[in-house]
Q: 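Structure incoming, see below.
Not measured: the values here are computed from a predicted model. Just so it is clear: chains get the letters A, B, ... in the order the sequence lines come, proteins before strands, and each one is counted from 1.
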Amino acid sequence: MQDFEDVGYQNTFRHTSAHILAHAVKRLFPETKLAIGPAIENGFYYDFDREEPFTNEDLAEIESEMRKIIKEKLDIERFELSRPDAIKLMTELEEPYKVELINDLPEAEVISFYRQGDFVDLCAGPHLDNTREVKAFKLTQTAGAYWRGSEKNRMLHRIYGTSFPDKEMLKNYLAMLEEARKRDHNKLGRELGYFTTVDYIGQGLPIMLPKGARVLQILSRFVEDEEQRRGYQLTKTPLMAKSDLYKISGHWDHYRDGMFIIGDPEKAEETEVLALRPMTCPFQFQAYLTKTRSYRDLPIRYNETSTLFRNEASGEMHGLIRLRQFTISEAHLLVTPEQVEAEFRGCVDLARYMLDTLGLSEDVSYRFSKWDPNDKEKYIGEPAAWDAAQDTMKNILDHMDIEYVTADGEAAFYGPKLDIQIRNVFGKEDTLITIQIDFQLAERFGLEYTDRGGEKKRPTIIHRTSIGCYERTLALLIEKYAGALPLWMMPEQVRILPISERHLDAAANLRAQLTAQGFRVEADTRDEKIGKKIREAQLEKIPYMLVIGDQEVADGTVSVRTRKDGDIGVLPIAQIIQRMQEEIASRKHD
RNA sequence: GCCGAUGUGGCUCAGAGGUAGAGCAAUUCACUCGUAAUGAAUAGGUCGUGGGUUCGAUUCCCACCAUCGGCUCCA
């Protein structure tokens, strides 16, 4: 058997699985039209066009048909056809999507097909030799998906599945998914009391409960302090502005669907039209514009813990990951062309420092997001400015030890981005941090500085975040640590557990003592058995549980349990304080 | 926005066309307790919202809202 760790083989394996899926669907529902069915990271899918969506019962039926096809041990054969013959074959089989695909293939492309029994599919391959090799598979879900990924096209029915060379591997994979589900911030974050949502408040507008709000506060204080150390100046700018501002920035023309607009743009002559801010840039630029600037003043680094509002489409919201209102560690750096590289590096360095401190470094990858020169709707500015900004960024990236992938059409509307992508427990990727170079907005806003020789110049603008959007970061932290956040950012660090009523005073005293030392500490003073109090504290992932009873009161000690190591013994209070202080100071994470 | 699923007390879940249950949690009393789940009692739901069908709906139909999984979009 070949090595399943080999990505090439794995893709071949999953791709053949997709063909078996399509084969089964065609047997059971012959009127179904085939679209495409690739291997993906953890499995495969196939898109089908048919009137009725697939039900769970259909899936079970398809699975058993797939089992039959595998048992039939069908050989998989490749053959090639000329373009006219290929089109003829697919037309005969009434597969319009395949015909469309063939027509779009480049002139020189070899057009190949794969056959297994009575099933034929247009396919570049490669494939396994025989259907029997797919020993273990499972259809995991159905979903809608647009033909060729465009919302202008027809929505097809997609079936997702996964497959492995043996049953044990499938079982392990499904068990891993089950574990990931337990860490899902959207479930765990609610259970642990970090946040909630209310249907009459609306989508993408979470209530941050005391624990969640506390973590956001801890993180933002940490970020603001660190940025101050690195020469940033904090601003506090309005959450909304007149439409005039966004007309200058380009948001009005290029981002209006993404904004919450107050007032009626149709009656702009008579009434005020405002919009909640989707980004902070134009506001911080106004701070720059308050006086004339010299090259000696640059770089200027404005940071802000900035709440933004984006009118995301209704189906986009998800837990704390996609919101309509969120708060981001925002900054804009106004720099001379000579300073761009050093300042950009500084931004990357800060982002990496943040990721290290949070313990997320291993989960990220870097993406160089460029514009799409053909999409005039989405972007502002001339190709020359884009080329300059992209060349500058590429040059910097290539001189840093950063491995990155390039993505076309992922830029912001005003400039290219370095996106730091993070994978969550399910392997799903999102942008956590972004650093952008902008050669456009300085012109639009008339930002300038006087250069050494006395001439007026445009500063280059770096847009960046250091830790990303706080809510999203919290979501990833909850998943990363399964709710057991590192001590320094834990909303409740210590819980005191008096064994009986006669230890309540001692518990209150200890609580006061620890609070005075700066710990976030609570006491469980309910009339409950000690075992139950401990159990509940464990479920809440409280890092330190201090049990206090007769012996401890007499000796000035506490019985210490940690969520990680369990019972670590009876220690003098001073000693446990020192231990916790050291752990907090080191910002240790497991 | 599109496709699909879901929505019963704080949580997990039963239930059925005739006006709702269980366990855990909560409250009270007893027990004053050394690593969750002692006993007794009490309270808590117009079954997501609004229409419609029906003698009657939470259960059937429609619309809307929210949540979840995808697509598209995006921090």
Side-chain angles (χ1 to χ4, degrees), chain A residues 45 47 52-56 58-59 140-160 181 184 186-187 190-191 193 196-205 255 257-258 278-279 306 308 310-324 326-330 369 378 409-410 412-413 417 419-422 426 428-434 436 463-465 467-473 475-476 497-504 526-539 545 547-552 559 561 566-567 570:
Chain A
Y45 68 78
D47 284 348
E52 296 297 311
F54 294 101
T55 64
N56 283 336
D58 292 340
L59 281 196
T140 47
Q141 57 176 321
T142 57
Y146 297 109
W147 167 237
R148 299 197 139 182
S150 168
E151 61 187 327
K152 295 187 179 71
N153 291 339
R154 183 172 168 80
M155 178 150 286
L156 308 174
H157 299 293
R158 176 173 296 180
I159 297 178
Y160 282 95
R181 255 177 230 122
D184 183 354
N186 208 2
K187 180 167 165 51
R190 290 171 195 269
E191 281 172 5
T196 188
T197 50
V198 177
D199 58 4
Y200 36 86
I201 288 179
Q203 288 184 53
L205 300 168
Y255 205 81
D257 288 347
M279 296 174 193
S306 183
L308 304 179
R310 295 187 187 176
N311 191 5
E312 304 289 352
S314 62
E316 310 296 355
M317 265 62 76
H318 167 66
L320 293 180
I321 296 288
R322 272 303 271 290
L323 301 174
R324 280 182 167 156
F326 56 94
T327 299
I328 191 165
S329 62
E330 182 101 279
S369 298
K378 193 171 164 187
E410 295 285 346
F413 74 79
K417 307 192 286 179
D419 291 319
I420 304 183
Q421 303 292 106
I422 188 152
F426 299 104
K428 204 172 151 174
E429 202 176 87
D430 264 302
T431 302
L432 186 66
I433 293 172
T434 175
Q436 309 162 0
H463 308 240
R464 52 105 274 194
T465 161
I467 203 178
C469 143
Y470 287 99
E471 294 85 349
R472 180 175 286 187
T473 303
L476 286 150
L497 308 171
I499 284 181
S500 79
E501 200 179 354
R502 65 177 175 276
H503 310 110
L504 289 182
R526 295 171 309 158
D527 181 15
E528 293 288 354
K529 287 189 169 179
I530 187 64
K532 189 171 180 180
K533 291 179 184 175
I534 290 172
R535 176 67 179 160
E536 287 181 13
Q538 285 171 336
L539 287 174
M545 290 156 267
V547 178
I548 187 159
D550 289 341
Q551 198 58 47
E552 289 82 356
S559 293
R561 292 185 68 86
D567 195 344
V570 181

Q: Name the closest nucleotide to the A:Thr431 side chain, picking from B:G70, B:A75, B:G4.
A: B:A75
Q: To the nearest 0.5 Å, what is the distance between CD (A:Glu429) and CD (A:Gln421)?
A: 4.5 Å
Q: Check step by step if side chain to side chain contact (heavy atoms under 4.5 Å, CB included) holds for A:Asp184 and A:Phe426.
A: CA-CA 8 Å; A:Asp184 183 354; A:Phe426 299 104; 4.1 Å; yes
Q: Quick check: does any side chain N or O of A:Ser306 sit under 3.5 Å from a backbone N or O of A:Glu330, one acting as donor and the other as acceptor?
A: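 Side chain of A:Ser306 to backbone of A:Glu330, a donor-acceptor pair under 3.5 Å: no, none is there.
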Q: So, does A:Tyr160 get its side chain near the phosphate of B:C71, meaning an N or O under 4.0 Å from OP1 or OP2?
A: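 Yes, within the criterion.
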Q: Could you check which of B:U67, B:A25, B:C73 has an atom nearest any side-chain atom of A:Arg190?
A: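 Given the options B:U67, B:A25, B:C73, the side chain of A:Arg190 is closest to B:U67.
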Q: Can you tell me the pairing partner of B:A30 across any strand shown, Watson-Crick or G-U wobble, with both distances under 3.5 angstrom?
A: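 Base-paired to B:U38.
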Q: Taking any heavy-atom pair under 4.0 Å as a contact, classify A:Glu501: base, sugar-phosphate, or nothing.
A: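 Counting heavy atoms under 4.0 Å across all strands, the contact made by A:Glu501 includes a base.
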Q: Counting the atoms with a prime plus P, OP1 and OP2 as sugar-phosphate, which does A:Arg322 contact under 4.0 Å by heavy atoms, base, sugar-phosphate, or nothing?
A: base
Q: With the side chain of A:Asp199 defined as its heavy atoms from C-beta on, choose the nearest nucleotide among B:C73, B:A75, B:C65.
A: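 So the nucleotide nearest the side chain must be B:C65.
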Q: Using a cut-off of 4.0 Å on non-hydrogen atoms, how would the nucleic acid contact of A:Gly315 be classed: base, sugar-phosphate, or nothing?
A: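 Answer is base: heavy atoms of A:Gly315 come under 4.0 Å of a base.
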Q: Is A:Gly144 touching bases, backbone alone, or none of the nucleic acid, heavy atoms closer than 4.0 Å?
A: base
Q: What do you reckon, is NZ of A:Lys187 surrounded by more than 12 foreign heavy atoms closer than 6.0 Å?
A: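 Atom NZ in A:Lys187 is not packed in, count stays at 12 or less.
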Q: For atom P, what is the distance between B:U49 and B:G7, given to the nearest Å?
A: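 Result for the P pair: 14 Å, nearest Å.
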Q: What contact category does A:Ile433 fall into here, base, sugar-phosphate, or nothing, at under 4.0 angstrom with non-hydrogen atoms?
A: nothing
Q: Could you tell me whether A:Gly258 contacts a base, only the sugar-phosphate backbone, or nothing, with contacts defined as non-hydrogen atoms closer than 4.0 Å?
A: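 No contact.
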Q: Is there a donor-acceptor pair closer than 3.5 Å between any side-chain N or O of A:Asp58 and the backbone N or O of A:Thr55?
A: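 Yes; at least one donor-acceptor contact below 3.5 Å.
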Q: Counting Watson-Crick and G-U wobble pairs only, both distances under 3.5 Å, name the nucleotide matched with B:U6, or none.
A: B:A66
Q: Name the nucleic acid region contacted by A:Arg502, choosing base, sugar-phosphate or nothing; use a 4.0 angstrom heavy-atom cut-off, strictly under.
A: sugar-phosphate
Q: Looking for any heavy atom pair under 4.0 Å, which part of the strands does A:Ser559 touch: base, sugar-phosphate only, or nothing?
A: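 Base contact.
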Q: Is the distance from OP1 or OP2 of B:C73 to the nearest side-chain N or O of A:Lys152 less than 4.0 Å?
A: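 False: A:Lys152 side-chain N/O out of range (4.0 Å or more) of B:C73 OP1/OP2.
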Q: NA contact type, A:Arg526, heavy-atom cut-off 4.0 Å: base, sugar-phosphate, or nothing?
A: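 Answer is sugar-phosphate: A:Arg526 comes under 4.0 Å of backbone atoms only.
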Q: Of all the nucleotides listed (B:A66, B:C33, B:U35), which has the minimum atom distance to the side chain of A:Asp527?
A: B:C33
Q: Measure the NZ-CG distance between A:Lys533 and A:Asp527 for me, rounded to the nearest 0.5 Å.
A: 7.5 Å
Q: With a 3.5 angstrom cut-off on both distances, give the Watson-Crick or G-U wobble partner of B:C13, or none if there isn't one.
A: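 Paired with B:G21.
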Q: How would you label the contact of A:Glu536 with the nucleic acid (heavy atoms, under 4.0 Å): base, sugar-phosphate, or nothing?
A: nothing
Q: Could you give the CD1-to-P distance, from A:Ile530 to B:U32, as a whole number of Å?
A: 17 Å
Q: Taking the nucleotide of RNA chain B with the nearest heavy atom to each, does A:Leu320 or A:Gly204 sit closer to the 5' end?
A: A:Gly204
Q: Watson-Crick or G-U wobble partner for B:C74, using a 3.5 Å limit on both distances?
A: none
Q: Just to confirm, is there a sub-4.0 Å distance from OP1 or OP2 of B:A37 to any side-chain nitrogen or oxygen of A:Lys529?
A: yes
Q: Taking only the side-chain heavy atoms of A:Ala313 (C-beta and beyond), determine which of B:A75, B:G1, B:C3 contains the nearest atom.
A: B:G1
Q: Quick one: which of B:C31, B:U35, B:C3 gets closest to the side chain of A:Arg561?
A: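 Within the option list, the nearest is B:U35.
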Q: With heavy atoms under 4.0 Å as the rule, sort A:Ala145 into base, sugar-phosphate or nothing.
A: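 Since only primed, P, OP1 and OP2 atoms lie under 4.0 Å of A:Ala145, the category is sugar-phosphate.
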Q: Measure CG/A:Asp47 against C1'/B:C71 and give the value in whole Å, please.
A: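 Atom CG in A:Asp47 sits about 9 Å away from atom C1' in B:C71.
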Q: For A:Arg472 and A:Thr431, what are the C-alpha separation, side-chain angles and deciding distance, and is it a side chain to side chain contact (heavy atoms under 4.5 Å, CB included)?
A: CA-CA 9 Å; A:Arg472 180 175 286 187; A:Thr431 302; 4.3 Å; yes
Q: For atom CD of A:Glu528, is the number of surrounding heavy atoms from other residues, nucleotides or ligands below 6.0 Å larger than 12?
A: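 Atom CD in A:Glu528 is packed in, count exceeds 12.
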Q: Considering only side-chain heavy atoms of A:Glu552, which listed nucleotide, B:A75, B:G34, B:C73, is closest?
A: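 Looking only at side-chain atoms, A:Glu552 lies closest to B:G34.
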Q: Taking the C1' atom in each of B:A41 and B:U59, what is the distance between them to the nearest angstrom?
A: 33 Å
Q: Can you tell which of B:C33, B:C73, B:C71 lies closest to the side chain of A:Ser500?
A: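 Selected nucleotide: B:C33.
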Q: Which base, if any, makes a Watson-Crick or G-U wobble pair with B:C60, both distances under 3.5 Å?
A: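 Looking at the geometry, B:C60 pairs with B:G52.
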Q: Check the geometry between A:Phe326 and B:A75 and answer yes if their rings are stacked (centres below 5.5 Å, planes below 30°), otherwise no.
A: yes
Q: If I take atom OH in residue A:Tyr200 and atom P in nucleotide B:G7, what distance separates them, rounded to the nearest angstrom?
A: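 Roughly 20 Å, once rounded to whole Å.
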Q: Of the nucleotides B:G70, B:U67, B:G1, which has the atom closest to the A:Ala143 side chain?
A: B:G70
Q: Scan A:Leu323 against the nucleic acid and name what it touches under 4.0 Å (heavy atoms): base, sugar-phosphate only, or nothing.
A: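 It contacts base atoms.
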Q: Check every strand shown and say whether A:Lys378 touches a base, only sugar-phosphate, or nothing at a heavy-atom separation below 4.0 Å.
A: sugar-phosphate
Q: Looking for any heavy atom pair under 4.0 Å, which part of the strands does A:Ile499 touch: base, sugar-phosphate only, or nothing?
A: base
Q: Go through B:U72, B:G34, B:G70 for me and flag the one nearest to the A:Val547 side chain.
A: B:G34
Q: Please determine if a side-chain N or O atom of A:Lys428 lies less than 4.0 Å away from the OP1 or OP2 oxygen of B:G70.
A: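 It does, given that an N or O in the side chain of A:Lys428 lies less than 4.0 Å from OP1 or OP2 of B:G70.
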Q: Paired with B:U46 by Watson-Crick or G-U wobble geometry, both distances under 3.5 Å: which nucleotide is it?
A: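 Per the H-bond distance test, none.
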